[in-house]
Asker: 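Structure below; questions to follow.
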Amino acid sequence: MTAAPMPLRFVPLALLLCAAPYASPVAAQDDPVAALPGTATERITADLRKLASEEFEGRGPETEGLKKAADLIRAQMKASGLSGAATDGGYFQPFDITLGTAPEPGETTATLTPPSGAARSLVIGEEIQPLAYGSSGQVEAELVFAGYGITAPKLGYDDFAGLDVRGKIAVVLRREPRQDDAESPFEGTKTSQFAYIRSKLKAAEDAGAAAVLLVNDSKTLAEDGDVLSDAGAFGGPAFKLPFGQITRKLADELLAAHPIESQSGLKFASVEALEKGIDAALAPIGGTMGQTMDLNFKFEPKTADVYNVVGVLEGEGPLADETVVLGAHYDHLGYGGVGSRSPGSNEVHNGADDNGSGTSLLLELIRRYGARAAAGDKPARRMVFIAFSGEERGLLGSVHYVTKEPLFPLETTRAMVNFDMVGRYGDNAFQLHGMSSSPQFPALVDAAAAKTGVLVDRVDGVLAASDHWDFIKVKIPAFHFFTGLHDVYHKPEDDVETVNLKGIAELADFAERLTDSIVDGPDPLEFTEPPMSRIDGRKQKAGRPILGVVPKDLPAQGGGVAIDQLAPDGPAMKAGFRVGDVVTAFAGVPVADAVGLSAALGDAKAGQTVEVTVDRDGEPQTLTVTLGSAEE
């Protein structure tokens with residue numbers, strides 16, 4: 001889930017660990033849940049400390065830590081008496097996810113040829129990095145330095161004006177001129193749209209460049225060093241020209257051998273000198289770099305084998321063939337990268353709240369229902385517990401379960417309860433999304449709240465941002481437990497010390513009561529189509545431009561954003577968009593994925609009329625849409 005952070009009040013961990021012992025829902029001395037070791041808060045704390053530890057490496061899809069988390073969940077399911085629900089009789093439901101793309105070894109090359117002397121092969125990943133935001137392909141052409149790669153005619157600045165880059169390889173700097181100057185026409189010290197990679201590539205493409213190579217500017221050098229970006233750092237293929245990055249060290253070597261000469265006759269023999277020259281006059285400096293380069297970029301998918309962890313408690317009685325699903329995603333961001341709100345960070349993102357909190361709550365319910373079943377208190381309906389993987393990459397675990405390999409019939413799955421980011425109850429409100437997805441839900445929630453004393457912010461709509469969404473799409477009523485976003489969301493600082501552990505235990509009590517009423521209720525739940533919720537129930541920033549579409553969870557094949565839903569009477573619907581259209585360009589700029597579409601919208605303004613290119617049944621169409629505005 002992505003949105004602006006909200007204020008957070010921290011609770012000292014020492015106070016949480018001194019909380020009153022967990023009170024069992026049943027007062028009898030022989031209650032099997034009361035016989036579990038320790039208090040609920042202590043059990044949840046132990047689970048969360050493991051899941052959010054450095055050992056588990058942020059539970060990223062490429063880490064061993066994710067496998068350790070899966071093993072921990074499987075072990076708890078087995079210890080609690082749950083049976084493995086996977087097709088092989090085990091607990092792991094495997095599937096593959098695509099992490100991005102990587103240069104294909106042996107097929108990706110870059111050769112530098114000086115005016116005289118032998119050609120030199122560059123080391124892929126050390127001196128030059130192909131970037132998947134561009135295309136595969138082969139280009140042999142002259143290198144031309146093109147400043148910051150910016151075309152901004154309204155600001156009187158154009159790096160490509162008077163510079164011949166047609167059919168050549170444009171070498172451009174990261175960011176923009178005078179980026180630390182509050183008086184800069186490029187939005188002062190803010191990052192303007194002209195600094196975006198897509199803006200630079202679009203300008204170079206329009207100028208006729210055959211390829212683009214990026215070089216770190218001085219600010220990036222000071223903050224992160226002369227590092228090359230990962231191949232997929234800027235997203236999947238969106239432009240038809242090859243795109244890569246060379247080290248600043250290599251750029252300096254090229255300039256030392258062949259300095260750039262300005263129109264006034266000054267010579268610039270380093271990247272730093274060029275930056276200072278451009279900043280001084282706020283005027284472009286560009287020209288040939290005196291060498292040619294032969295680029296041959298070829299990419300291959302970078303994949304990871306992951307799995308949902310699925311356990312089952314069979315029901316007993318006439319409703320035993322019906323299913324209720326309880327789920328939480330256990331994956332997170334690993335060492336950062338895709339999804340991180342700390343750009344450039346390679347620290348472990350422990351994900352204590354997102355979603356160690358929901359996973360810990362799920363483990364607590366597994367213990368409770370396992371103990372109850374072992375004592376003879378069998379559920380009336382089958383209970384399926386799923387720890388989803390791949391959620392942070394687009395709800396991939398729930399997509400796999402619902403659309404490719406449902407382990408139990410969806411037509412007799414009566415409800416789904418999802419726990420995602422539940423670590424702030426007591427600091428933030430507890431939001432229960434999905435209230436209107438069944439007409440029976442409000443009464444069940446009222447009863448559970450009355451018995452446990454939990455304060456519930458009842459939200460009619462649902463967020464299309466966690467694993468319940470895929471069940472909603474196949475008309476299965478679903479709840480989403482959520483306690484809101486905060487300032488350490490998707491950052492390395494999302495640690496156990498920032499989570500209200502006692503609050504998770506209180507929500508576990510509520511969840512148990514609510515789940516009992518769903519599992520043991522005599523009548524199947526009816527489904528009603530819920531509206532879409534705003535993220536964490538708060539109002540969006542007034543004036544934010546709105547297109548009025550909900551993208552599919554997965555990127556469209558070949559790039560672009562497939563439309564899953566249209567807002568009723570929204571801008572897109574009025575402009576003639578259809579469900580199934582694939583957005584491939586916005587205002588002339590290619591769109592690779594939902595992140596790119598969101599960024600393009602961020603550059604636009606409410607009320608602006610733009611042309612959007614869509615692929616409709618294999619045919620490109622251009623639709624003209626007037627963007628709406630977020631309400632106060």
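Not measured: the values here are computed from a predicted model.
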Asker: With a 4.5 Å cut-off on side-chain heavy atoms, are V384 and L313 touching?
Answerer: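 Counting from C-beta outward, L313 and V384 never come under 4.5 Å.
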
Asker: Side-chain contact, heavy-atom cut-off 4.5 Å: F479 with V445?
Answerer: yes

Asker: Quick test of your reading: applying side chain to side chain donor-acceptor pair (under 3.5 Å), list the pairs with at least one residue in residues 84-93, sequence neighbours left out, ordered by first then second residue.
Answerer: Q93-N308, Q93-E405

Asker: Got a sec, which pairs hit salt bridge (Lys or Arg N to Asp or Glu O under 4.0 Å) with one end in residues 305-315, sequence neighbours left out?
Answerer: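 Found E314-R382.
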
Asker: Considering residues at least two apart in sequence or located in another chain, which fulfil the salt bridge (Lys or Arg N to Asp or Glu O under 4.0 Å) criterion with K378?
Answerer: none

Asker: Within the 4.5 Å heavy-atom criterion, are S135 and P237 side-chain neighbours or not?
Answerer: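 The answer is no; the side chains never approach within 4.5 Å.
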
Asker: Please examine the side chains of L99 and P61, heavy atoms only from C-beta on, and report whether any two atoms are closer than 4.5 Å.
Answerer: yes

Asker: Spell out, as yes or no, whether a donor-acceptor pair under 3.5 Å connects the side chain of T483 to the backbone of M421.
Answerer: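 Judged by distance alone, yes, a pair lies under 3.5 Å.
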
Asker: Quick one: ring pair (Phe, Tyr, Trp, His ring centres under 6.0 Å) partners of F481, sequence neighbours excluded?
Answerer: F419, F430, F510

Asker: Is there a side-chain contact between Y425 and L455, using heavy atoms and a 4.5 Å cut-off?
Answerer: yes

Asker: Not counting sequence neighbours, which residues clear side-chain hydrogen bond (donor to acceptor under 3.5 Å, both in side chains) with D615? List them please.
Answerer: none

Asker: Testing the 3.5 Å rule here: is there a donor-acceptor pair between the side chains of D460 and S436?
Answerer: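 Side-chain D/A pair, D460 to S436: absent.
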
Asker: Determine whether K473 and V402 make a side-chain contact, defined as any pair of heavy atoms from C-beta on separated by less than 4.5 Å.
Answerer: no

Asker: So, does S438 use its side chain to make a donor-acceptor pair with the main chain of E526 at under 3.5 Å?
Answerer: yes

Asker: Applying side-chain contact (heavy atoms from CB on, under 4.5 Å), name anything that partners E347, two or more places apart in sequence or on another chain.
Answerer: S345, P492

Asker: Are R372 and E512 close enough for a salt bridge, meaning some N to O gap below 4.0 Å?
Answerer: yes

Asker: Would you say the side-chain atoms of H349 and S340 include a donor-acceptor pair closer than 3.5 Å?
Answerer: yes

Asker: For K302, give me all partners under salt bridge (Lys or Arg N to Asp or Glu O under 4.0 Å), at least two apart in sequence or on another chain.
Answerer: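 Once residues adjacent in sequence are excluded, K302 has no partner under the salt bridge (Lys or Arg N to Asp or Glu O under 4.0 Å) criterion.
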
Asker: Roughly how far, to the nearest 0.5 Å, is CD1 of I44 from OG1 of T359?
Answerer: 11.5 Å

Asker: Can you tell me how far NE2 of H480 sits from CE of M416, rounded to the nearest 0.5 angstrom?
Answerer: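 So the gap between those two atoms works out to 9.5 Å.
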
Asker: Does R368 pair with D509 as a salt bridge, N-O distance under 4.0 Å?
Answerer: yes

Asker: Could you check whether any side-chain heavy atom of V459 comes within less than 4.5 Å of a side-chain heavy atom of L432, counting everything from C-beta outward?
Answerer: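 Sidechains of L432 and V459: no contact.
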
Asker: Under the side-chain contact (heavy atoms from CB on, under 4.5 Å) test against Y369, which residue among V33, T515, D377 passes?
Answerer: T515

Asker: Could you please spell out the steps behind the side-chain hydrogen bond (donor to acceptor under 3.5 Å, both in side chains) verdict for S80 and Q76?
Answerer: CA-CA 6 Å; S80 299; Q76 186 60 71; 2.9 Å; yes

Asker: Distance only, no hydrogens: is a donor on one side chain within 3.5 Å (strictly under) of an acceptor on the other, for S389 and R59?
Answerer: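 Result is no, nothing qualifies.
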
Asker: Using modelled atom types and a 3.5 Å cut-off, is there a donor and acceptor pairing between side-chain atoms of S517 and backbone atoms of L514?
Answerer: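 Yes; judged by distance alone, with no hydrogens or angles, the pair exists.
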
Asker: Pick from L396, D420, N418: which one makes a side-chain contact (heavy atoms from CB on, under 4.5 Å) with H329?
Answerer: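 That would be D420; it is the only one of L396, D420, N418 passing the side-chain contact (heavy atoms from CB on, under 4.5 Å) with H329.
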
Asker: Would E54 and N350 count as having a side-chain donor-acceptor pair, cut-off 3.5 Å?
Answerer: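 Yes, because at least one side-chain N or O of E54 sits under 3.5 Å from a partner of the opposite role on N350.
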
Asker: Salt bridge or not between D71 and R74? Use side-chain N to carboxylate O under 4.0 Å.
Answerer: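 Judged by the 4.0 Å cut-off on N to carboxylate O distance, D71 and R74 do form a salt bridge.
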
Asker: With a 4.5 Å heavy-atom cut-off, do I124 and P130 have their side chains touching?
Answerer: yes

Asker: Which of parallel (below 30°), tilted (30 to 60°) and perpendicular (above 60°) describes F234 and Y133?
Answerer: tilted

Asker: If we count only N and O atoms by modelled type, under 3.5 Å, do the side chains of S229 and Q245 hold a donor and an acceptor together?
Answerer: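 Per modelled atom types, S229 and Q245 side chains form a pair under 3.5 Å.
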
Asker: Run the side-chain contact (heavy atoms from CB on, under 4.5 Å) test against A572 and tell me which residues pass, sequence neighbours left out.
Answerer: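 Result, side-chain contact (heavy atoms from CB on, under 4.5 Å) vs A572: L547, V549, L566, F577.
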
Asker: Between R458 (side chain) and M435 (backbone), is there a donor-acceptor pair under 3.5 Å?
Answerer: no

Asker: Which residues satisfy the side-chain contact (heavy atoms from CB on, under 4.5 Å) test with T101, sequence neighbours excluded?
Answerer: A132, F299

Asker: Roughly how far, to the nearest 0.5 Å, is the CG atom of L410 from the OG1 atom of T323?
Answerer: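 One finds 9.0 Å between OG1 of T323 and CG of L410.
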
Asker: Whether D47 and R367 form a salt bridge (side-chain N of Lys/Arg under 4.0 Å from carboxylate O of Asp/Glu) is what I want to check.
Answerer: yes

Asker: Under the side-chain hydrogen bond (donor to acceptor under 3.5 Å, both in side chains) rule, collect the residues that match up with S437, sequence neighbours excluded.
Answerer: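 None.
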
Asker: Answer yes or no: is there an ion pair linking E497 with R49, defined by an N-O contact shorter than 4.0 Å?
Answerer: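 Looking at R49 together with E497, the answer is yes, because their closest N to O distance falls below 4.0 Å.
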
Asker: According to salt bridge (Lys or Arg N to Asp or Glu O under 4.0 Å), who are the partners of E506, at least two apart in sequence or on a separate chain?
Answerer: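 With sequence neighbours excluded, E506 shows a salt bridge (Lys or Arg N to Asp or Glu O under 4.0 Å) to K502, given in chain and number order.
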
Asker: Salt-bridge test for R381 and D520: reply yes if a basic N is under 4.0 Å from a carboxylate O, no otherwise.
Answerer: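 Looking at D520 together with R381, the answer is no, because their closest N to O distance does not fall below 4.0 Å.
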
Asker: Give me the atom names and distance for the closest heavy-atom approach of V499 to L48.
Answerer: CG1-CD2, 3.9 Å

Asker: Given side-chain hydrogen bond (donor to acceptor under 3.5 Å, both in side chains), test T498 with R424 step by step and report yes or no.
Answerer: CA-CA 8 Å; T498 68; R424 307 290 167 159; 3.2 Å; yes

Asker: Taking salt bridge (Lys or Arg N to Asp or Glu O under 4.0 Å) as the definition, give me every residue that meets it alongside K78, ordered by chain and number, with sequence neighbours left out.
Answerer: none

Asker: Answer with yes or no after comparing the ring centroid distance for H490 and H332 against a 6.0 Å cut-off, counting only values under it.
Answerer: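 Centroid distance H490-H332: below 6.0 Å, so yes.
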
Asker: Measuring centre to centre across the rings, with the benzene-like ring taken for any Trp, is F388 within less than 6.0 Å of Y330?
Answerer: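 Not under 6.0 Å, so no.
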
